[in-house]
Number of protein chains: 4
Amino acid sequence: MHRGNRHGRSEQARLAVLQAADDLLVENGFARLTVEGIAQRAGVAKQTIYRWWPSKTDILFEALVTDAAEEITPPDTGDPTRDLVTHLCALARFLTASDAGAVFRALTAEGQHDPALAARLREEHLTGQRTRDRQLLERAVQRGDLPVTADLDTIVDRLVGPLYYRALITGQEITTEFVTDLVSATLKSA
Amino acid sequence: MHRGNRHGRSEQARLAVLQAADDLLVENGFARLTVEGIAQRAGVAKQTIYRWWPSKTDILFEALVTDAAEEITPPDTGDPTRDLVTHLCALARFLTASDAGAVFRALTAEGQHDPALAARLREEHLTGQRTRDRQLLERAVQRGDLPVTADLDTIVDRLVGPLYYRALITGQEITTEFVTDLVSATLKSA
Amino acid sequence: MHRGNRHGRSEQARLAVLQAADDLLVENGFARLTVEGIAQRAGVAKQTIYRWWPSKTDILFEALVTDAAEEITPPDTGDPTRDLVTHLCALARFLTASDAGAVFRALTAEGQHDPALAARLREEHLTGQRTRDRQLLERAVQRGDLPVTADLDTIVDRLVGPLYYRALITGQEITTEFVTDLVSATLKSA
Amino acid sequence: MHRGNRHGRSEQARLAVLQAADDLLVENGFARLTVEGIAQRAGVAKQTIYRWWPSKTDILFEALVTDAAEEITPPDTGDPTRDLVTHLCALARFLTASDAGAVFRALTAEGQHDPALAARLREEHLTGQRTRDRQLLERAVQRGDLPVTADLDTIVDRLVGPLYYRALITGQEITTEFVTDLVSATLKSA
DNA sequence: GTGTAAGCGAGACGGTACGTCCTGTCTTCCT
DNA sequence: AGGAAGACAGGACGTACCGTCTCGCTTACAC
């Protein structure tokens, strides 16, 4: 089980820690997520965690970046509007129902009182996410569903903002109908 | 300075605790906000805090409800669109720049891993806030700026969602222009 | 069980700690004596220990001073030589066979690399012990068994030195015969 | 500095370790003597230490045995009493003022809670030391300064006991006068 | 006007988790 | 093959707060 050598860390230990952190977060919530507990669950020494991750949020961070991209990569069926609805529904599912989404919510929460974490979250996750969101709008422009003059960034805000709002703030359900109406209204007004 | 008597709690202690909690949250962030610290800053015994508030989030909660309503009560100039822009700008300022907003962000963050807190936040703050938000739309309906068939709740989501998204998630600035465009596009498409 | 109040510490906790430290030292030896272990055995929080004792040696110290004096207070039968033998045998037993003696040996050991501890051990234990040792010699002087010119401090060294040497260094048994011979030879040569 | 070869252990590394252990013991005391620190000071890998010495006390042990004998080998001037005083003064100096003495004190201290170490210390150091001590007494017997019936082992105890006692327990200075008186009194009473 | 009871500041208590340090084992590379 | 490097599991360290408790003081109503 020991890997110890001069050329780098144990991949086994790294994955065990990420998995344990993910599991414990989902099981017990962020408040009860402790480095001590992660170490025990992962069968790893605390020092090994502190050696590679400055804090427990960094562990979650790594877990998030690893998982998120694949879960919410937009489809491309040739019908931008339909793809948009599909993609936003996937995003809603990610935010409300997936393990990675739980990690995202926890990190966003921490980011409220930790500007550095918030910044890192934007750089390493949100930027990529917005790029994926934009792709669909760019295809819509190409198809003529949106005017070339449209401010796509603002439109992204108008599309995903209500989803994040419902998922993180009000907790209202995000139905397909809600998404469909949101998309059609937003595209129409652009 | 002791109040000690058989008929009720010390208002002085209550206010000192709320103020201390608010200050320490803004100064040090939520992570470093401790009951121990609040007690010391407020010149109050820990037991006095535990006697009246189940947890430190309850202290913040009381501080929020006290402050929030007055900061974001919508105006009524007779011009619903203009009022809407004014109100949403005030909301944006509340979310990003006020002390009460910092408390709101902290509680929303905690609510991500504490469903009971999230529910309470909705009941005691968000519901009232959405009611205030809706009032403007109802006036717009009366003025004929919106069709009577419009689903006002959904429109509220589309209006405030992007603001919360920028304030809590991306951290992008919320300019008057952004709000103005958001309002006109949303009303147009409804 | 809790005492917590403004008028000082819990005597119960104090005694539990002293007893646990004493027991664990005898059972496992000094090397395996940990604050963690003492706290657990005593049913006390680590912080309670750190609050009242700067280090684990201080705990042992308190245990020693409490116990030692009564174990090795010299007798007075009117026969100084006999009393001397009795007393030195008691001292030998203390050094080699008693719990308090185990504590003494451990602290003396620590004192080898901690001058402050060594000094404190002298002040608070050894000085008293030597005073008790001297009393017998003073009585011997009064009886005429020793010349008034005798340097009693030096004689104490010659009497107890070999006992400490056997007990702490060579581990040889200290028989009554050895003590008897030591006393008679030492008194004769003084 | 690398020796890495196929022909047995590096004498260079061995000496560096012994020297480093000795230095660090004198500089920082036993409590702060760590295998990690010795390895770093000696420019040697931890594993090299663990390969050759079971524990850090074994390192000190080897250092002691190497140094001690030569420091306290008794002289032979033909005057046993004078030699005895000289030798005991050398012993006192060894115990209180030499580097090897510091190692001896540290090991004796450890021996208080480690019977195996204590036994080894007796076998490999103390036995030899006592033999050297005895030689002088045997010469004294040959010269007629001591009766042939004298129990030399007991006399050794009476001579060196007070020295160890002062050096390790009370910390009193060991003056030439003290030693001279001790020797004359002891020989007289034998 | 005295007695009683509730709220108060204070702070010790048993605990949990923190982040650091060192141990002794192990693996890999270099010589 | 020996030595250097260094990652690993384990576990004690001393610290910070947690939430509970008991204390002795200070009121102010109730008798």
Side-chain angles (χ1 to χ4, degrees), chain A residues 1-10 12-14 32-40 42-52 54-56, chain B residues 1-10 12-14 32-40 42-52 54-56, chain C residues 1-10 12-14 32-40 42-52 54-56, chain D residues 1-10 12-13 32-37 39 43-52 54-56:
Chain A
M1 181 58 72
H2 284 200
R3 263 242 28 220
N5 63 50
R6 65 187 307 182
H7 301 291
R9 63 197 284 191
S10 162
Q12 207 165 2
R14 181 181 152 267
R32 294 193 165 164
L33 182 66
T34 65
V35 173
E36 207 107 2
I38 295 170
Q40 193 164 354
V44 140
K46 269 200 303 178
Q47 182 57 31
T48 297
I49 296 183
Y50 284 112
R51 179 154 36 232
W52 300 112
S55 75
K56 74 181 176 187
Chain B
M1 188 54 67
H2 285 200
R3 264 240 32 220
N5 63 52
R6 63 189 306 182
H7 302 291
R9 66 196 283 193
S10 161
Q12 205 164 5
R14 181 181 153 268
R32 295 194 164 162
L33 183 65
T34 66
V35 173
E36 205 106 3
I38 295 170
Q40 193 165 352
V44 141
K46 269 201 302 179
Q47 182 57 29
T48 298
I49 295 182
Y50 284 111
R51 180 154 35 231
W52 301 111
S55 75
K56 75 181 176 186
Chain C
M1 183 61 66
H2 285 197
R3 267 241 28 219
N5 62 47
R6 66 194 308 184
H7 302 293
R9 62 197 284 194
S10 161
Q12 207 164 359
R14 181 181 154 268
R32 294 193 164 163
L33 182 65
T34 66
V35 173
E36 209 107 2
I38 296 171
Q40 192 164 353
V44 141
K46 268 200 303 179
Q47 182 56 30
T48 298
I49 296 183
Y50 285 113
R51 182 153 37 228
W52 299 112
S55 75
K56 75 181 175 188
Chain D
M1 183 56 73
H2 283 205
R3 264 262 359 237
N5 64 46
R6 56 205 317 179
H7 306 293
R9 75 190 276 194
S10 160
Q12 205 165 4
R32 295 192 164 163
L33 183 65
T34 66
V35 174
E36 206 105 3
V44 142
K46 267 201 307 179
Q47 184 54 30
T48 299
I49 296 182
Y50 283 112
R51 179 146 41 226
W52 300 110
S55 76
K56 74 182 176 187

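No hydrogens, no waters, no symmetry mates; every other heavy atom, side chains included, goes into these values.
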_Contact between C/R51 and C/T48 at the side-chain level, heavy atoms closer than 4.5 Å - yes or no?_
yes
Considering only heavy side-chain atoms of C/T34, the closest of F/dA12, E/dT23, E/dG14 is F/dA12
Whole-Å distance, B/R32 CZ to E/dA17 C1', equals 16 Å
Rounded to whole Å, the CD-C1' distance (A/Q40 to E/dA17) equals 12 Å
B/I49 CD1 to E/dC8 C1', in whole Å, measures 13 Å
Item to complete: Taking only the side-chain nitrogens and oxygens of C/R51, find out if one of them lies under 4.0 Å from OP1 or OP2 of E/dC13.
Response: yes
D/K56 atom NZ is separated from E/dC22 atom P, nearest whole Å, by 10 Å
C/E36 atom CD is separated from E/dG15 atom P, nearest whole Å, by 13 Å
**Message:** Taking any heavy-atom pair under 4.0 Å as a contact, classify A/G37: base, sugar-phosphate, or nothing.
**Reply:** nothing
All heavy atoms of D/K56 vs all of D/V35, minimum pair found to be CB-CG2, 4.1 Å
Comparing nearest nucleotides in DNA chain E, the 5'-proximal residue of the pair A/V35, D/S55 is A/V35
Between B/R9 and B/W52, is NZ or CZ placed under 6.0 angstrom from the six-membered ring centre and within 45° of the ring axis? yes
For E/dG9, does either OP1 or OP2 sit under 4.0 Å from a side-chain N or O belonging to B/T48?
yes
Tightest non-hydrogen contact, residues D/A45 and D/A39, listed as C-CB, 4.2 Å
note: D/Q12, atom CD; F/dG3, atom P; distance rounded to Å ~ 11 Å
Of the candidates E/dC13, E/dA17, E/dC22, the side chain of C/K46 sits closest to E/dA17
Here the gap from A/I49 atom CD1 to A/Q47 atom CD, rounded to the nearest 0.5 Å, amounts to 10.0 Å
Atom CD of D/Q47 and atom C1' of E/dC30 are separated, to the nearest Å, by 16 Å
(request) Determine: side-chain N/O of D/W52 to OP1/OP2 of F/dG3, distance under 4.0 Å, yes or no. (result) yes
Judged by nearest nucleotide, the residue sitting upstream toward the 5' end of DNA chain F, D/A45 or C/P54, is D/A45
From OH of A/Y50 across to C1' of F/dG6 the rounded distance in Å is 21 Å
